[in-house]
Amino acid sequence: MKSFPIGARLTAWYFGILAVVLSLFSLTAYFAMRNSIYRTVDDELRARMEGVRRLIDRTARYEPEDLRRELREHSELAGNTLLQVADQQGNWLYRSPSTDRYEIPKLRGTSAVPSTLALNNVPLRVLSAEIQVGDQSYFAQAAVPLDDFYSALHLFATLLLVSVPILLLSAAAGGYWISRRALAPVDQITQTARSISVHNLSSRLIVPQTGDELQRLSETLNSMLERLEAAFKKIIQFTADASHELRTPVAVMRTRTELSLRKPRSAEEYREALAQVHSELEKTSELVEQLMLLARADYGVEALQLSTEDLRQIVRDVCGQGKALSEAKEIEFQDQMSRQPVWVKADAHALWRLFLILIHNAIKYTPKGGRVAVVVRQENGFAIGEVRDTGIGIAPEDLPNVFERFYRADKARSRESGGVGLGLSIGRWIAEAHGGTIEVGSSLGGGSIFTLRLPLIDGEPPELKSAN
Ligand code: ADP
């Protein structure tokens, strides 16, 4: 059943339920009609019998001839109800003219409920009664032929037997047609979806403006396609950028080695060439390492080793490097650490790396004579790490993109200083993997502030408390 199309399955269910309902309805209607006929006939028989009882009671003291006449008159008024009355000795006092046809047996023993007999192939409903008047007892029987009623019942049953299957078949055909019509857009969606591949990811499904589930399904699929397309474009862009960035150092190394090998050189010249190749190799391996990290992060396998850390300690370690670098560039370097420990759940190495990126950038993009400040503090239940500089700043149009992969606001300057535009995207991943955020505020020529916000462990962390 599962392999059948939905339309056929719906129709089969619909057909099955309707068949059960209609059969129950037909059976109920048939038996209700049959019962109602019996009830009407039985009431009629009882009324007749009561009439005969009263009549005999009234005329029993007359001559039998008078009784017979009275019974005949009574019987003639009784329509198609048959009547036969016998005296105590079993002699018929009166029999309706057509009783002979049925030869109703003298059923001794009476009951308040009439019974049904089939006499000469004609069904009869018969009520028998003993009527006692003084010391005389009479035996009376009233009967109604049921053949007319039975043929009406039969006609009704035939009507049901013919009309119910016709009704069922037409309802099932109608149901199938409606379900096919309702599901036709699903076929259309399937066909369009099947035709979409990586080559035409920009195609979209036609959205039926019906305001129903199908419209919602198409819209949901379209927004999924949009996300897929964006992710796919990002991957393509990432691969293209990565290859591009790798090509430059490889080309430099190749040219340098080819030039060196063209003719014999002095040891000094070889050393110089090797030093240049080594420098390019360092950049390349840094790039490859960054690419690997991002790929592993995307794939979800770059796991953090979280432990309770004092953010001040991690930042202090990076500041050591920062100071040395800024001194070489004649930049003032300040650090302002909170007096209390700033406890966070963190991977110390990853956070160290994040601050190294921010401090390196601050020094890289701040000219001689400028200032770089690193601040660690607590604020509203968050651990805050800030790296500020008085450097070149970032233009408003570049601000939203600086955390994107391979994005460089000033391409020439950035490459010159060895950056490929991956540092901040790695930084953002680290911040988010810690359940935190990283934001930038900057203006062109007005310096920049990068702010990391991490959830703070309130008070003294439990593991340190127990160690005390
Ligand atoms: P890069 O390796 O090029 O520095 P990043 O991802 O670290 O790459 O930074 C992306 C871009 O953001 C940089 O190319 C630079 O243009 C801009 N940027 C980052 N930090 C700063 C800063 N402190 N001052 C000015 N511009 C910055």
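What's counted below: heavy atoms across the whole structure, side chains too, no hydrogens, waters or symmetry copies. Bear in mind the structure is a predicted one, so any value in this text is a computation, not a measurement.
Between the side chain of T390 and the backbone N or O of R371 there is at least one donor-acceptor pair closer than 3.5 Å. A donor-acceptor contact shorter than 3.5 Å is absent between the side chain of E404 and the backbone of N401. In this structure, the side chain of E439 does not engage the main chain of T451 through any donor-acceptor pair within 3.5 Å. Under the 3.5 Å distance criterion, the side-chain polar atoms of D310 are matched with a main-chain donor or acceptor of V342. A donor-acceptor pair is defined here as one N or O able to donate and one able to accept, closer than 3.5 Å; such a pair exists between the side chain of R265 and the backbone of S260. Between the side chain of N200 and the main chain of S203, no donor-acceptor pair closer than 3.5 Å is present. Side-chain N or O atoms of D389 include none that pairs as donor or acceptor with a backbone N or O of G447 at under 3.5 Å. Checking side-chain atoms of S279 against main-chain N and O of A275 turns up no donor-acceptor pair under 3.5 Å. Between the D212 side chain and the Q215 main chain, a donor and an acceptor come within less than 3.5 Å of each other.
Relative orientation of the F156 and Y30 rings is parallel, given thresholds of 30° and 60° on the angle between their planes.
Counting only heavy atoms from C-beta outward, the side chains of I394 and Y365 never approach each other to under 4.5 Å. Residues Y38 and T116 are in side-chain contact: their nearest non-hydrogen atoms beyond the backbone lie under 4.5 Å apart. Between V288 and L246, the closest side-chain pair of non-hydrogen atoms falls below 4.5 Å. The closest side-chain heavy-atom distance from W352 to Q321 is below 4.5 Å. The closest side-chain heavy-atom distance from R48 to V144 is not below 4.5 Å. Residues L422 and L287 meet the side-chain proximity criterion, which asks for heavy atoms closer than 4.5 Å. Side-chain contact between D317 and F355 is absent, with no heavy atoms from C-beta onward closer than 4.5 Å. Residues T11 and S179 meet the side-chain proximity criterion, which asks for heavy atoms closer than 4.5 Å.
Heavy-atom minimum distance, T366 versus K329: O-NZ, 3.0 Å. Scanning both residues, S442 and G393, for their nearest heavy atoms gives OG-CA, 3.4 Å. Contact detail for P455 and H434: the closest heavy-atom pair is CD-O, 3.8 Å. The heavy-atom pair separating I331 from P367 by the smallest distance is CG1-O, 3.8 Å. When all heavy atoms of L205 and A193 are compared, the closest pair comes out as CD2-N, 3.8 Å. Nearest heavy atoms, P249 versus T284: CB-OG1, 3.4 Å.
Heavy atoms of other residues, nucleotides or ligands lying less than 6.0 angstrom from CZ of F25 number 12 at most. The local environment of CD in Q305 is sparse, with at most 12 non-hydrogen atoms from other residues, nucleotides or ligands closer than 6.0 Å. Around the CD1 atom of I236, the shell of radius 6.0 Å holds more than 12 heavy atoms that belong to other residues, nucleotides or ligands. Counting non-hydrogen atoms of other residues, nucleotides and ligands closer than 6.0 Å to CD1 of I6 gives a total of 12 or fewer.
Rounding to the nearest 0.5 angstrom, the gap separating the CZ atom in R204 from the CD atom in E219 is 13.0 Å. Rounding to the nearest 0.5 angstrom, the gap separating the CG atom in L18 from the OH atom in Y14 is 5.5 Å. In this structure, CG on L354 lies 9.5 Å from CD1 on I359, to the nearest 0.5 angstrom. Atom OG in S202 sits 8.5 Å away from atom CD1 in I196 (nearest 0.5 Å). Rounding to the nearest 0.5 Å places CD of Q276 at 15.0 Å from CZ of R271. From L358, atom CG reaches atom CD1 of I449 across 12.5 Å, with rounding to the nearest 0.5 Å.
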Inset, instruction - List the steps, then state whether side-chain contact (heavy atoms from CB on, under 4.5 Å) holds for L293 with E289. - result: CA-CA 6 Å; L293 182 98; E289 206 216 322; 5.8 Å; no
Inset, instruction - Start with the C-alpha distance between E386 and R377, add both sets of side-chain angles, then the distance that settles side-chain contact (heavy atoms from CB on, under 4.5 Å), and finish with yes or no. - result: CA-CA 9 Å; E386 244 170 37; R377 59 187 157 85; 2.6 Å; yes
Inset, instruction - Determine, step by step, whether E309 and I457 satisfy the side-chain contact (heavy atoms from CB on, under 4.5 Å) criterion, reporting the C-alpha distance in whole Å, the side-chain angles of both residues, the deciding distance to 0.1 Å, and the verdict. - result: CA-CA 10 Å; E309 303 284 347; I457 301 179; over 6 Å; no
Inset, instruction - Applying salt bridge (charged side-chain N to carboxylate O under 4.0 Å, His left out), run through R46 and D43 and close with a yes or a no. - result: CA-CA 5 Å; R46 281 195 201 95; D43 287 349; 3.6 Å; yes
Legend entry - Steps toward side chain to side chain donor-acceptor pair (under 3.5 Å) verdict (S307, K345): CA-CA 5 Å; S307 56; K345 268 262 174 264; over 6 Å; no
Inset, instruction - Could you walk me through whether R405 and D241 pass side-chain contact (heavy atoms from CB on, under 4.5 Å), step by step? - result: CA-CA 9 Å; R405 292 171 188 189; D241 289 342; over 6 Å; no
Inset, instruction - Start with the C-alpha distance between K233 and E229, add both sets of side-chain angles, then the distance that settles salt bridge (charged side-chain N to carboxylate O under 4.0 Å, His left out), and finish with yes or no. - result: CA-CA 6 Å; K233 273 190 183 150; E229 191 190 5; 3.5 Å; yes
Legend entry - salt bridge (charged side-chain N to carboxylate O under 4.0 Å, His left out) between D335 and R312, intermediate numbers included: CA-CA 10 Å; D335 55 14; R312 296 176 310 165; over 6 Å; no
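Salt bridge absent: K283 and E286 never bring a charged side-chain N and a carboxylate O closer than 4.0 Å. For the pair K234 and D298, the salt-bridge criterion is not met [side-chain N within less than 4.0 Å of a carboxylate O]. A salt bridge does not link R262 to E258: none of the charged side-chain nitrogens sits closer than 4.0 Å to a carboxylate oxygen.
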